[in-house]
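Inspection log for the structure reproduced underneath, given as structure tokens.
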Amino acid sequence: MDYKKLITELKPDRIPRHVAIIMDGNGRWARKHNTTRINGHKQGVAAVRRVVETGVEIGLKYLTIYAFSTENWARSKREVNYLLKLIMNSLVNEIDELIKNGVNIRFIGSRENLSESYTRKVQQTCRKSWENNKLFLNVAMNYGGRNEIIDACKDIILDINKGKIELDELNEKSLDNYLYTTGIPDPDLVIRTSGEQRLSNFLVWQSAYSELWFTDTLWPDFSKKEFLQALIDYQNRDRRFGGRKR
Ligand code: FPP
């Protein structure tokens, strides 16, 4: 079935509010095509564009993509530098188009290890889109889920010491205020490409009740059609949240 036909299969009243994606397999795609890893990442950007376009088209509200993990610093200096540059350049090159399409873009993650000028430029570029509210696109950059929880714990302790909150006021909801993702609903669906079936430190707190969807497709090959297939599969699942009311 082609994309146009598939889109009619989507139930408009059951579009997930938030989809999060672990974009994996750029390196393997490069090996398969006998090209450089750098080229693999470059092709990965085109796949990002496709999922954003589809997100806008179907009325998805939140999309989070795992662009650079805290573990990615362990890669070669050349690859790390390329990735940092690619992410920044993609943001700068695409920002006008994103704004035109109603996308509100924000980076989530730690500032540690990123230069101040990098963070400032990201902030300045993203800020231009903050009037938008069609699709909220979160780019997880220098992101690690466990790190996020540690950072939250530190801020909570500081606020308790300052008397801003009481220990008894700490619960799942108030903890949310201290995460990088504050204000963003938990993901309904987490997609991972390239055949790996794990979360790899991505949104570990937030995905406690998320549906997971895995595919062998390598990220640069991830198509609009497959994105729809994942969403349709999600729509046919029965979510019970362990009996918790939502
Ligand atoms: C995983 O493939 C992919 C990454 C670590 C980088 C993903 C980043 C992009 C696609 C850049 C786009 C970002 C924006 C914001 C436009 P891998 O290198 O781990 O692949 P492998 O497991 O096959 O080696």
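Whatever order the structure lists ligands and atoms in, that order sets their numbers, starting from 1. Any value given below was found using the heavy atoms of this structure, including those in side chains, with hydrogens, waters and symmetry copies removed. Along the sequence shown, residues carry numbers from 1.
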Using a strict 4.0 Å cut-off to heavy atoms of [X], name the atoms of ligand 1 that fall inside it.
{"X": "Leu83", "answer": "6 (C)"}
{"X": "Ser90", "answer": "16 (C)"}
{"X": "Asn72", "answer": "5 (C)"}
{"X": "Arg37", "answer": "18 (O), 24 (O)"}
{"X": "Asp24", "answer": "1 (C), 2 (O), 17 (P), 19 (O), 20 (O), 22 (O)"}
{"X": "Gly27", "answer": "17 (P), 18 (O), 20 (O), 21 (P), 23 (O), 24 (O)"}
{"X": "Val139", "answer": "15 (C)"}

Looking only at protein heavy atoms, which one is nearest to [atom], and what is the separation?
{"atom": "atom 8 (C) of ligand 1", "value": "Ala67 O, 3.6 Å"}
{"atom": "atom 22 (O) of ligand 1", "value": "Arg28 NH2, 2.9 Å"}
{"atom": "atom 13 (C) of ligand 1", "value": "Ile87 CG1, 3.9 Å"}
{"atom": "atom 1 (C) of ligand 1", "value": "Met23 O, 3.1 Å"}
{"atom": "atom 10 (C) of ligand 1", "value": "Asn26 ND2, 3.6 Å"}
{"atom": "atom 12 (C) of ligand 1", "value": "Val45 CG2, 3.8 Å"}

Check ring-ring contact (aromatic ring centres under 6.0 Å, His included) between Tyr66 and all other residues, then give those that pass, not counting sequence neighbours. Tyr143, Phe202
Do [X] and [Y] get their side chains close enough for a donor-acceptor pair, meaning under 3.5 Å?
{"X": "Asn236", "Y": "Lys11", "result": "yes"}
{"X": "Asn142", "Y": "Trp73", "result": "yes"}
{"X": "Asn138", "Y": "Tyr180", "result": "no"}
{"X": "His18", "Y": "Asp188", "result": "no"}
{"X": "Asn171", "Y": "Ser174", "result": "yes"}
{"X": "Thr181", "Y": "Gln206", "result": "yes"}

Heavy-atom distances under 4.0 Å are what count here, so tell me which part of Arg75 touches ligand 1: side chain, backbone, both or neither. side chain
I'd like to check Trp29 versus Arg37 (side-chain heavy atoms, cut-off strictly below 4.5 Å). Are they in contact? no
Within-4.5 Å side-chain heavy-atom neighbours: Trp219 and Val48: yes
Strictly under 4.0 Å, does any heavy atom of Gly25 approach an atom of ligand 1? yes
May I ask whether Arg49 has any heavy atom positioned less than 4.0 angstrom from an atom of ligand 1? no
Does Lys224 have more than 12 heavy atoms from other residues, nucleotides or ligands lying within 6.0 Å of its NZ? yes
Holding to salt bridge (Lys or Arg N to Asp or Glu O under 4.0 Å), I want the full list of residues that pass it with Arg49, two or more places apart in sequence or in another chain. Glu94
Where the closest heavy atom to atom 11 (C) of ligand 1 is concerned, which of Ile65, Leu86, Ile22, Ile38 has it? Leu86
